[in-house]
Number of protein chains: 2
Amino acid sequence: MVQQEVLDRTFAALADPTRRQILVRLGQGPATIGELAEPFDMSLTGMKKHVHVLENAGLVTTEKVGRSRRCRLGAERLEDAMSWIRFYQRLWERRLDGLDAYFTLKKEDD
Amino acid sequence: MVQQEVLDRTFAALADPTRRQILVRLGQGPATIGELAEPFDMSLTGMKKHVHVLENAGLVTTEKVGRSRRCRLGAERLEDAMSWIRFYQRLWERRLDGLDAYFTLKKEDD
DNA sequence: CTCTTGCTGAACCATATGGTTCAGTGTACG
DNA sequence: CGTACACTGAACCATATGGTTCAGCAAGAG
């Protein structure tokens with residue numbers, strides 16, 4: 001199972017609509033902080049913070065090029081999020097309905 | 001595409017390790033607030049807040065039964081989270097590498 | 001009816017989040 | 001060199017989050 005902190009950071013990064021849009025934008029190719037900030041009418045500083053959160057979650061990688069910073073996708077971590085959800089879904093699909101499941105499980109203990 | 005706010009709440013709910021464990025616990029059958037709180041050594045009030053967040057995200061449903069509250073899974077929303085990740089992954093998998101993708105896309109515009 | 005038990009709501013607290021402004025710093029360009 | 005531009009860092013602010021305690025309130029047991 002994936003480290004809890006990694007999942008924390010990944011899901012938290014995905015919980016913001018601005019950051020999800022940044023990911024979609026980067027899906028079309030790399031961009032600088034300024035290019036990312038422009039459509040959101042947000043300060044460079046604000047955008048840099050979002051990018052930093054995504055970078056911390058491993059969803060984005062960045063690199064300084066001249067006086068700009070090139071931001072690119074680094075989406076390996078989505079696999080972690082996805083596989084947690086899948087793991088959880090198996091639990092859920094296997095579940096019976098409400099009370100029934102509870103008593104069925106108890107019965108299986110006998 | 002799913003409503004942004006729904007995704008916000010779903011991912012935010014999943015971003016907390018305690019809440020993820022609650023979901024796993026409920027995957028084994030329904031439980032009361034007290035039963036959920038016990039293994040975490042947390043106050044009932046604290047646990048109730050977590051359950052409320054999960055309920056708001058549509059990941060859990062609850063029902064008052066006598067003087068306890070029965071909490072059960074309501075995992076439909078995980079589908080939303082999953083399908084967003086899948087959508088995003090298609091973008092990502094289709095992407096070429098870094099700069100190459102950028103120039104390739106520009107070329108296609110001609 | 002009374003007592004206990006399980007949950008609830010309000011109030012509070014510390015820290016995190018999402019944003020800003022302003023004053024640098026470093027690189028490109030004339 | 002000098003100026004402009006893109007980003008960076010520090011300081012600040014409002015609101016949200018994750019937790020607590022304490023005082024109810026409603027349901028079940030005797």
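Throughout, protein chains are lettered first and strands after them, A, B, ... in sequence-line order, and every chain is numbered starting at 1.
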Start at the 5' end of DNA chain C and walk down; is the nucleotide closest to A/Ala12 or to B/Thr32 reached first? B/Thr32

Distance check needed: D/dT20 C1' versus B/Leu44 CG, whole Å only. 13 Å

Taking only the side-chain nitrogens and oxygens of A/Lys48, find out if one of them lies under 4.0 Å from OP1 or OP2 of C/dG19. no

So if I take every side-chain heavy atom of B/Lys49 and compare against C/dC12, C/dT8, D/dA6, which nucleotide ends up nearest? C/dC12

Tell me: CG of B/Asp16 to P of D/dA16, nearest whole Å? 18 Å

For B/His52 and C/dG9, give me the distance from atom NE2 to atom P, rounded to whole Å. 9 Å

Among D/dT8, C/dT20, C/dT8, the one nearest A/Ser43 by side-chain distance: C/dT20

Donor-acceptor pair, B/Arg19 side chain versus B/Ala13 backbone, under 3.5 Å? yes

To the nearest Å, give me how far apart CD (B/Glu38) and C1' (C/dG6) are. 15 Å

Round to a whole Å and report the spacing from CD1 of B/Ile33 to P of C/dG9. 11 Å

Does any donor-acceptor pair link the side chain of B/Thr45 with the base of C/dG9 at a separation under 3.5 Å? yes

At their closest point, which heavy atom of A/Leu44 faces which heavy atom of A/Gly34, and how far apart are they? CD2-CA, 3.5 Å

Within the structure shown, what part of the strands sits under 4.0 Å from B/Gly34 by heavy-atom distance: base, sugar-phosphate, or nothing? sugar-phosphate

Roughly, in whole Å, what's the span from CD1 in B/Ile22 to C1' in D/dG19? 13 Å

Side chain A/Arg69, main chain A/Thr32, donor-acceptor under 3.5 Å: no

Would you mind telling me which residue lines up with the more 5' stretch of DNA chain C, B/Lys64 or A/Gly66, judged by nearest nucleotide? B/Lys64

Classify the nucleic acid contact of A/Gly46 as base, sugar-phosphate or nothing, counting any heavy atom under 4.0 Å across all strands shown. base

Is there a donor-acceptor contact under 3.5 Å from the side chain of B/Arg9 to the main chain of B/Gln4? no

Whether A/Arg19 contacts C/dG18 is assessed here as follows: a side-chain N or O lying under 4.0 Å from the phosphate OP1 or OP2. Is that the case? yes

A/Phe11 CZ to C/dA16 C1', in whole Å, measures 20 Å

Which of these nucleotides, D/dG19, D/dA4, C/dC7, is closest to any side-chain atom of B/Met42? D/dG19

Between A/Glu63 (CD) and D/dT8 (P), how many Å, whole number? 12 Å

Full working for side-chain contact (heavy atoms from CB on, under 4.5 Å) between B/Asp16 and B/His50: CA-CA 9 Å; B/Asp16 185 283; B/His50 279 302; 3.8 Å; yes

Whether A/Arg69 contacts D/dA6 is assessed here as follows: a side-chain N or O lying under 4.0 Å from the phosphate OP1 or OP2. Is that the case? no

Considering only side-chain heavy atoms of B/His50, which listed nucleotide, C/dG19, D/dG19, C/dT27, is closest? D/dG19

